[in-house]
Structure formats: structure tokens, C-alpha cells
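I have placed the structure first, in the form of C-alpha cells, so that the comments after it can refer back to it.
We name chains A, B, ... by the order of the sequence lines, and we start the count at 1 in each one. All figures in this text were calculated on a predicted structure; none of them were measured in a lab.
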Amino acid sequence: MPELLLMKYAGQPGRDAVEEYVRTGGYEAATRALKELTPDDLVAMVEASGLRGRGGAGFPTGRKWRLTPKREGDVRYLVVNADEGEPGTFKDRTLIEGDPHQILEGVLIASYANQVHRAFIYVRGEMFLGYERLRRALEGAYARGFFGRNILGTGFDLDVTLHRGAGSYECGEETALLESLEGRRGEPRVKPPYYPAVKGLYGRPTVLNNAETLAHIPHIVRLGADGYKAYGPPILYSVSGHVTRPGVKELPIGTPLREIIFEHAGGLRPGRTFKAVFPGGSSAAILTAEHLDTPADFDSLAKLGSMLGSSAIIVMDDTTCIPAVMRRTVEFYRDESCGKCTPCREGTIWLSQILDRILEGHGRMEDLELMDGIAQQMTGICLCALGESVPPPLRASLKYFRDEFLHHIRAGSCDVVRTPVAAGGARG
Amino acid sequence: MSGRVLSDATLSEIARLRDAYPQAESALLPALHAAQDQVGYLSPEAIADVAEALGLAETEVTSVASYYSMFFLTPVGRHKIRVCTNLSCYLNGAEEVLHRLCERLGVSPGETTADGRILLEAVECLGACEEAPVVLADTTRHARVTAAAADDLLGGVR
């Protein structure tokens, strides 16, 4: 296996110090980009790399950059989405805490490529340590002349502002994030017609990229598109749940779920068997043992009606009660719904009420069809991805674990053997 | 100006924030963080001070503040213990940890202890699922917390 790119130094001590990052070749890619390459060269290079946005939607990064109008004299912005909040996802936090300059170098290159002179990094409010590391990293990078006026003597100017969120999953949605950055409630904007690339922050063309996405950029510049692709291309899987070695796993995209879970994440605890998995955060349709040989990439998972999403793999073993997991999932979206559109606001409330009664032993036989019907009616009509996130996992669980729901309704109790889980103690 | 509560230091921080953005409104969230850090919560007086400093309507500021779960419009404990109860933590015993903390503190999730010092919250995914179950005690994240470890954690906060 080739060496790691993004995670090579993540977590080593002192990585927020600019000297340490520079010592290991940091900012060399940005220096080359600013001094030897044109913005068009960079957009072409990122397009050729095949990099797709790592926030969940998977939009091709190069195409996004190309779509951003670059009329001379127009103000444009770069906004970094570091508001990681998709349940099960912790790769952005790992990069931010573990090697923050990698993201900042990506910000510098992306800003130059898009001829942006003002960038904002929207950091999740609860990410206290990450914010502190980014703050320190940015301060050091400014002091070394990687940000500010006339960067590296090239005449290129860039200012970066760190911006703290204040507790809202919805703000991870790109237009809600822009609303929040403009000092408003984090409610999504209606799109189409205007996407952030054309009309974003303060109504100006705005390049909006996820934090991990930008961390790939220095490597693409350093290795060239082909050299970068030879690494897989790489992707960060966040693996958690019932595995013995949870963590961020940098692997070639398309590594089969089985290999990720059983080799790289250490497999299940002794004596346990595999039950189900969210392959792309809690918004992804859950999959079962029969799907374990599926490559974890965009197309293969989409074919199964699921998605790669933020590539957060949440593993569940045979101690898991699927209806209870679905209740927790639906409650999350219910509580985080901004309430702007009806199907999301009402649908999540109805679904959680039905799941409550099923789990409390008062379920009705018609509840399964009722939930499936509500989920279908929510599909495709919510304003943003939050409401659209509920139907896939719920409908998949009704399909694959129908008997388990039926048992709850008929018997009024759970048939999952609840072996006590030794929290924290069972890690290999 | 009646009932000004924000200190000169906080107000000058807000003025600095206002100038750090192309438009003053963008400084609202950081300004509210600064105000809450000083006062402990966003009292009507604190909201009024922030509104005036940024040239916004008080109703607007209240509306925005009320949207975000990290802002408090009523008094809460200065110390905040946040227990992640989302999927990975849920699968790894977060409920037991939350239950233990509720018992020890004599509160339900979302409540502040009788002495007014500690707020206990059940929160959504903190993005540290490899450390599940996770508890954020003020700004410090605790990994793989057991019910017993939750007791020790309280010792550090008290």
C-alpha cells in the first residue's frame, strides 16, 4: 500500500506550529502554485484529479471552481465548511486538530486558483480544540508570510477569518452556513436558481468547499493529478460504532466495506456478529451483511440505494436494536430541523412519535406502512438535504429489518439479546 | 443607555469583530459568544448591548441567538457538561453515562444543578466518534467515558 497522504503526520505533536509543517515540506505546493502556475492551470489540475467534494454531496471540486464566475474586479469569497456534524463523521475534526496547516495550505491554493482575496473558515462551535489549533496555525502562517499582503512576494493578497458556529447541524448545509456567516438564523436558501458559486456570501460568487476537500489540494499540486490518483485516489473513512479499532482510515476510494471494517478497523468485539452498517453517515441507507463486499465509493453505494456521503461508517453488531437506532436517528433530524419547510419539520415529528409508540410497546400493525408512506412523501420535496436525510435510512431499515419492527409491535418488547456493552473497556 | 452589562473589554472585542468582516452583521455570532462568555448567558441587557454595538435590532439579535443551541437566553451553569448521545456514542453506552451524570448531579438533561454551577446537556454528534462515548466538559473532550469515569470527570469540574 502506498504511504499516507492526508494522515501522514496527523496527530503528531506540534503540527499546529508553522515551522513543523514547513519542516515536512509544508507550503511548498502553495509556493509552487503561486509562483509557477496560473489559476487556470490549477483548476485544470484539480479537475483532472477527479477530486469530489468531501462534505457529503460529492460534487466535483474542479467543476465547482470552474463554475465560479471570475470577472476581473468582482469580489469573490472562499468559504470553508468546517462545520462537521454528520453523525459518525470525524475526519474533518481529525485533520483540523491533527494537521491544521494542511487545510490552510489548501485554502491558499484554492483562493489563488479562484482569484479570491478573502476567505472564511466556518468552524463548528463545539470544536473547541480544533478552533484553537486552527487559530494558532493561522497566526503562525501569517507571521511567515503565507497569508496577508503580497504573499511570498507574488503580489497575491489573501486574508482568512476563522468564524465559530454556535451549535446547529443545519449550518453544515452550504446555504444555511452562508446565512449563519451573515449573522442570521441558519436556515437554508431556496435553490435553484442561485447556487453559492454564482450568488453566495453577501450575494457574491462564493467557492464553498469542505475542510477535507481542501486538504487534498496541496497533494494534488505536489504530485500532479496522475500522481495523486495513484494513491487511490485517497479518501478518509471515519469508522466507528461496534468495531475494536475505530478511527479515521485513509484508504483508496472504493475499498470494500468488509476490508475497511474487519481489517482496518479491527473487526467486531469477540463473540459478536455483524448486523448492519451506515456506510455514509446517518443520512445514508443502512446496509446489511450481504452488502459487505461492496466497494465504498460513490457509484457502488448509490446502486444499492445508499450513499458514500461523508464516508462515515457506523458499524452495528448483533446487540443493536434497529428500531431504537432509527428512533435516535429520527430524533436527531427532528431536533436539528430548522423548521423552515413543512415536510422536514412535520415529517420528523410524526416519525419520531410513531417510533416512540412502537418502542414503548404500543405499536400498531399499520405503523410500518404509515412510516414508509411519510418517508416517501418527504422524499424530494424538502428544501435541503436535512429532511431528505431521513427517508433513506428509515426505509432501508424497514426493508431489511421488518421482522424486528414487527416483533416490537406484536410482542411489545425487543428481541435483541442485550449483552452489557463495556463502554470504553473493550477497545483492542 | 440603560442597563449596560457588557464590559469595556467585551465591547472593544465586539468592535474589533465588527471590523473583521466585510459586513457588521457577520460579527453577530462571535459577538454573542463574547457577550455570553462574560455574562454567563444572553440576558436581555446583553442582547441590547450587542444589538447596539453592531447596529442591529434587538428582536433580530434575540431571534438569531434563540436559534443556536450553544446560546442561552436564561441563566445556566457556568460549567457545561455535554454528553454526546448520537449513534456511535449511543451504541457504546452513552445512555449509561448520561444516566449516571443525571443521578450524581440531581438534574435531568438540559438542567442546571441546584447550586447553579453545572449545566448538563445531552447533545448531538460531537464529531469524535472514535472516542465514543464522548463527554465535553467545558472545552475539554473526554474519550471512552465509563459511568465510573464520569464520576472522576465531575471532580475536575466542581
Side-chain angles (χ1 to χ4, degrees), chain A residues 75 84-90 92-94 118 120 124-129 132 161 163-169 171 180-187 201-202 238-242 246-248 278 282 312 314-317 319-320 324-325 328-329 332 335-336 338 421-425 427, chain B residues 17 20-33 36 54 56 60-61 63-71 82 84-97 121 123-134 136 138-141 143-150:
Chain A
V75 174
E84 183 174 58
E86 174 71 14
T89 315
F90 48 95
D92 295 334
R93 192 214 90 237
T94 300
R118 198 68 205 272
F120 299 88
R124 190 166 163 195
E126 294 90 339
M127 215 185 272
F128 295 105
L129 180 62
E132 205 37 47
T161 304
H163 185 90
R164 266 187 81 201
S168 160
Y169 168 73
C171 288
S180 182
L181 185 48
E182 291 181 12
R184 287 191 287 273
R185 297 162 69 90
E187 293 174 359
L201 187 64
Y202 312 126
S238 307
V239 193
S240 69
H242 291 146
V248 171
F278 288 91
S282 69
I314 308 170
V315 179
M316 293 170 275
D317 69 19
T319 63
T320 310
V325 163
R328 194 69 273 284
T329 305
F332 165 68
D335 294 348
E336 296 296 328
C338 76
V421 175
R427 293 284 143 68
Chain B
L17 290 165
Y21 292 89
Q23 295 187 10
E25 296 89 324
S26 283
L28 182 50
L29 261 58
L32 288 170
H33 277 302
Q36 181 165 281
L54 296 179
L56 300 170
E60 166 94 33
V61 175
S63 163
V64 171
S66 70
Y67 181 86
Y68 295 92
S69 66
M70 292 177 76
F71 292 138
R82 298 176 163 109
C84 176
T85 56
N86 209 296
L87 293 177
S88 302
C89 289
Y90 167 81
L91 293 170
N92 283 291
E95 284 183 322
E96 289 87 71
V97 173
E121 284 190 304
V123 300
E124 298 300 0
C125 188
L126 289 169
C129 318
E130 81 278 34
E131 301 177 346
V134 176
L136 196 54
D138 291 325
T139 59
T140 307
R141 197 172 66 235
R144 292 175 275 280
V145 178
T146 57

Handout entry: Heavy-atom pair with the smallest gap, counting every atom of A:G186 and B:Y68
Key = N-OH, 3.3 Å

Practice task
Considering only NZ, NE, NH1 and NH2 on the basic side and carboxylate oxygens on the acidic side, decide whether B:E124 and A:R328 come within less than 4.0 Å.
Solution key: yes

Practice task
Between chain B and each of A:R118, A:H163, A:M127, A:M316, count heavy-atom pairs under 4.5 Å; write down the option with the most.
Solution key: A:H163

Problem - Taking every non-hydrogen atom, the tightest pair across B:T139 and A:F128 - result: CG2-CD2, 3.5 Å

Practice task
Taking the side chain as every heavy atom from C-beta outward, state whether A:Y169 and B:C125 have any atom pair closer than 4.5 Å.
Solution key: no

Problem - Residue among B:T85, B:V123, B:L32 with most heavy-atom pairs under 4.5 Å to chain A - result: B:T85

Handout entry: Most chain A-contacting option - heavy-atom pairs closer than 4.5 Å, from B:Q36, B:R141, B:R82
Key = B:R141

Exercise for the section: Name all residues meeting the salt bridge (Lys or Arg N to Asp or Glu O under 4.0 Å) criterion together with A:E86; count only those two or more places apart in sequence or in a different chain, and write none if there are none. Expected result: none

Exercise for the section: Indicate whether any N or O donor in one side chain lies under 3.5 Å from an N or O acceptor in the other, for B:S26 and A:Y202. Expected result: yes

Practice task
Would you give the length of the straight line joining atom CG of A:D317 to atom CG of B:L91, rounded to the nearest 0.5 angstrom?
Solution key: 8.0 Å

Handout entry: Check: B:S63 and A:R184 side chains under 4.5 Å, non-hydrogen atoms
Key = no

Completion exercise
One should read off an interatomic distance between A:E126 CD and B:M70 CE, to the nearest 0.5 angstrom, of 5.0 Å

Completion exercise
Rounded to the nearest 0.5 Å, the CD atom of A:E336 sits from the OG atom of B:S69 at a distance of 6.5 Å

Practice task
Please confirm whether the backbone N or O of A:H242 pairs with a side-chain atom of B:N92, one donor and one acceptor, at under 3.5 Å?
Solution key: no

Problem - Where B:N86 and A:P87 come nearest, the two heavy atoms and their spacing - result: OD1-CB, 3.2 Å

Exercise for the section: Heavy-atom distances under 4.5 Å only: say whether B:E60 touches chain A with side chain, backbone, both or neither. Expected result: side chain

Problem - Contacts of type salt bridge (Lys or Arg N to Asp or Glu O under 4.0 Å), residue A:R93, not counting sequence neighbours - result: A:E97, B:E130

Exercise for the section: Work out which heavy atom in B:Y90 is nearest to a heavy atom in A:V325; give both atom names and the distance. Expected result: CE2-CG2, 4.0 Å

Completion exercise
Max heavy-atom pairs within cutoff under 4.5 Å with chain A, candidates B:D138, B:L28, B:V64, goes to B:V64

Problem - Heavy-atom contact with chain A under 4.5 Å, split by part of B:T140 - result: neither

Fill in the blank from the handout: Honestly, the part of B:L29 sitting under 4.5 Å from a heavy atom of chain A is side chain

Problem - Pairwise distance CZ(A:R164) to NE2(B:H33) - rounded to 0.5 angstrom - result: 4.0 Å

Fill in the blank from the handout: Minimal heavy-atom distance between A:G88 and B:C129, with the atoms involved, is CA-SG, 3.4 Å

Problem - Minimum-distance pair of heavy atoms, taken over all atoms of B:Y67 and A:C338 - result: OH-CB, 3.3 Å

Exercise for the section: Specify whether A:F120 and B:Y21 have parallel, tilted or perpendicular ring planes, treating 30° as the upper limit for parallel and 60° as the lower limit for perpendicular. Expected result: parallel

Exercise for the section: Go through the atoms of A:I314 and report whether side chain, backbone, both or neither lie under 4.5 Å from a heavy atom of chain B. Expected result: side chain

Exercise for the section: Mind ranking A:A166, A:G167, A:G183 by heavy-atom pairs under 4.5 Å with chain B and telling me who comes out on top? Expected result: A:A166

Exercise for the section: Using a cut-off of under 4.5 Å on heavy-atom pairs, state which of A:G85, A:G247, A:S180, A:S282 scores highest against chain B. Expected result: A:S180

Problem - Leading residue by heavy atom contact count with chain B [cutoff under 4.5 Å; candidates A:T329, A:L181, A:V315, A:T94] - result: A:L181

Fill in the blank from the handout: Of B:A128, B:P22, B:A20, the largest count of non-hydrogen pairs under 4.5 angstrom with chain A goes to B:P22

Fill in the blank from the handout: When the 4.5 angstrom heavy-atom criterion is applied to A:T161 and chain B, the contacting part is side chain

